[in-house]
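Numbered from 1 within each chain, the chains take letters A, B, ... in sequence-line order.
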There are 2 protein chains.
Amino acid sequence: MEKYKLFDAEYKFASIIWDNEPINSTELVRRCAEKLGWKKSTTYTVLKKLCNRGILQNQDAAVTSLIKREDVQRYESNAVVEKSFDGSLPKFLTAFLGERKITEQEAEELKQIIEESVK
Amino acid sequence: MEKYKLFDAEYKFASIIWDNEPINSTELVRRCAEKLGWKKSTTYTVLKKLCNRGILQNQDAAVTSLIKREDVQRYESNAVVEKSFDGSLPKFLTAFLGERKITEQEAEELKQIIEESVK
DNA sequence: GAAGATGGTTTATCACGATAGACTCAAGAT
DNA sequence: ATCTTGAGTCTATCGTGATAAACCATCTTC
């Protein structure tokens, strides 16, 4: 398994940690019950799995992340472009924008981001 | 199930059809064996499933697509931006580009695509 | 009319992601 | 010494995507 690949449930779970770290494990159990409807054992099961995969860390009941949200996002964005768009960002953009219209201001923001990546 | 959601194996399968349609079903079995390592029954199982979901069509052993690659791509691109980037294309772009550098020419192409979507 | 092709269907197995029940164990509180 | 609470493990169930074995019907060809 690639290190950064998170399944849907795992991603939602990790999001709670990213939004609150460091977070006490019992508190995490509480939040998962509230936000995801999970039982305590579910939380611990998933937590342990992600710890074993080197994505999270649980030390003395203090849960933190080793892999950051940005890392996973970078992986996700690359994966989808790779899988469905032949690795081509232009193809992705074309598909995403499709018939949708954006404002001049939004376009400016996007162009800015692109500009910053030019060698 | 959303109409456009294809699982990994389904996507690869559909790709063979998109690349070759209309394609005779026996010929499709041959290609799936060659490209995906599938047995005949596997091909027919998946084919039937996608036909039932209104994505493909099999008439007198001639297989064609009802949903096009572009439709699925649009869905995929939107889904990932929704799921992992809060629906924000700028966030997606930032993550994708990351540390990567692109050429002036590539940037031009991207900006062109963006320009065409401005209201 | 037996022997292949062609074009399928039915039913099953297997892996694995998602979820949880039952249990343990140490540390305070009573 | 019991009771409770915090912290965590072990084992199991369930759904479902991925894959296939076995079987069937029709048509051609020898």
Bend of the helix from C:dG1-D:dC30 to C:dT30-D:dA1 from end-axis comparison, five pairs per end, nearest 10°, comes to 30°
Measure from the side-chain heavy atoms of A:Lys39 and tell me the nearest of D:dA18, D:dG17, C:dG21.
->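 Closest nucleotide to the A:Lys39 side chain: C:dG21.
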Which nucleotide wins on minimum distance to the side chain of B:Thr45, given the candidates C:dT10, D:dG17, D:dT11?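 Among C:dT10, D:dG17, D:dT11, the one nearest the side chain of B:Thr45 is C:dT10.
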Nearest-Å distance, [atom1] ([X]) to [atom2] ([N])?
X: A:Arg30; N: D:dT5; atom1: CZ; atom2: C1'; result: 16 Å
X: B:Lys5; N: D:dG17; atom1: NZ; atom2: P; result: 10 Å
X: A:Phe7; N: C:dG17; atom1: CZ; atom2: C1'; result: 7 Å
X: A:Leu50; N: C:dA18; atom1: CG; atom2: P; result: 10 Å
X: B:Leu47; N: D:dG17; atom1: CG; atom2: P; result: 17 Å
X: A:Asp8; N: D:dT16; atom1: CG; atom2: C1'; result: 14 Å
X: A:Lys40; N: D:dC10; atom1: NZ; atom2: P; result: 14 Å
X: A:Trp38; N: C:dA20; atom1: CH2; atom2: C1'; result: 11 Å

Over all strands shown, is B:Lys12 touching base, sugar-phosphate only, or nothing at heavy-atom distances under 4.0 angstrom?
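B:Lys12: no heavy atom of the nucleic acid under 4.0 Å.
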Please classify the nucleic acid contact of B:Lys48 as base, sugar-phosphate, or nothing, using heavy-atom distances under 4.0 Å.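 Result for B:Lys48 = sugar-phosphate.
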Can you list everything that forms a side-chain hydrogen bond (donor to acceptor under 3.5 Å, both in side chains) with [X]? Sequence neighbours excluded, please.
X: B:Asp19; answer: B:Arg69
X: A:Asp8; answer: none
X: B:Asp60; answer: none
X: B:Gln57; answer: B:Thr64

**Study point:** Distance test, side-chain N/O of A:Tyr44 to OP1/OP2 of D:dG8, below 4.0 Å
**Key:** yes
Applying salt bridge (charged side-chain N to carboxylate O under 4.0 Å, His left out) to B:Glu109 and not counting sequence neighbours gives none
Mind listing the side-chain donor-acceptor pairs of residues 101-108 of chain B below 3.5 Å, one per line with the distance, residues two or more places apart or on another chain?
from     : atom 1 : to       : atom 2 : distance (Å)
B:Thr103 : OG1    : B:Gln105 : N      : 3.4
B:Thr103 : OG1    : B:Glu106 : N      : 3.1
B:Thr103 : OG1    : B:Glu106 : OE1    : 3.4
B:Glu106 : OE1    : B:Thr103 : N      : 2.8

Strictly by salt bridge (Lys or Arg N to Asp or Glu O under 4.0 Å), give each pair with a member in residues 31-43 of chain A just once, sequence neighbours left out.
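Counting only pairs at least two positions apart or across chains, the salt bridge (Lys or Arg N to Asp or Glu O under 4.0 Å) contacts touching residues 31-43 of chain A are A:Glu27-A:Arg31, A:Arg30-A:Glu34.
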*Kindly indicate whether the side chain of A:Ser41 and the base of C:dA22 share any N or O donor-acceptor pair separated by less than 3.5 Å?*
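No.
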Per the under-4.0 Å heavy-atom filter, residues of residues 58-73 of chain B near DNA chain D come out as none
Quiz prompt | For DNA chain C, the residues among residues 14-29 of chain B that have a non-hydrogen atom under 4.0 Å from it | solution =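 Hits under 4.0 Å, by residue number: B:Asn24, B:Ser25, B:Thr26.
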Next item on the list: Answer whether the closest heavy-atom distance between the side chains of B:Lys91 and A:Gln73 falls below 4.5 Å.
Entry: no
task = Answer with yes or no after comparing the ring centroid distance for B:Phe13 and B:Trp18 against a 6.0 Å cut-off, counting only values under it.
result =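 Ring-ring flag for B:Phe13/B:Trp18: false, centres at least 6.0 Å apart.
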Quick note, ring-ring contact (aromatic ring centres under 6.0 Å, His included) partners involving residues 90-113 of chain A, not counting sequence neighbours, are A:Phe85-A:Phe92, A:Phe92-B:Phe92
Fill in: No-hydrogen, no-angle side-chain donor-acceptor test under 3.5 Å, A:Ser65 and A:Glu21
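Looking only at side-chain atoms, A:Glu21 and A:Ser65 do form a donor-acceptor pair, the distance falling under 3.5 Å.
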Show me the side-chain donor-acceptor pairs of residues 41-50 of chain A shorter than 3.5 Å, one per line, residues at least two apart or across chains.
from    : atom 1 : to      : atom 2 : distance (Å)
A:Tyr44 : OH     : A:Ser25 : OG     : 3.4
A:Thr45 : OG1    : A:Ser41 : O      : 2.7

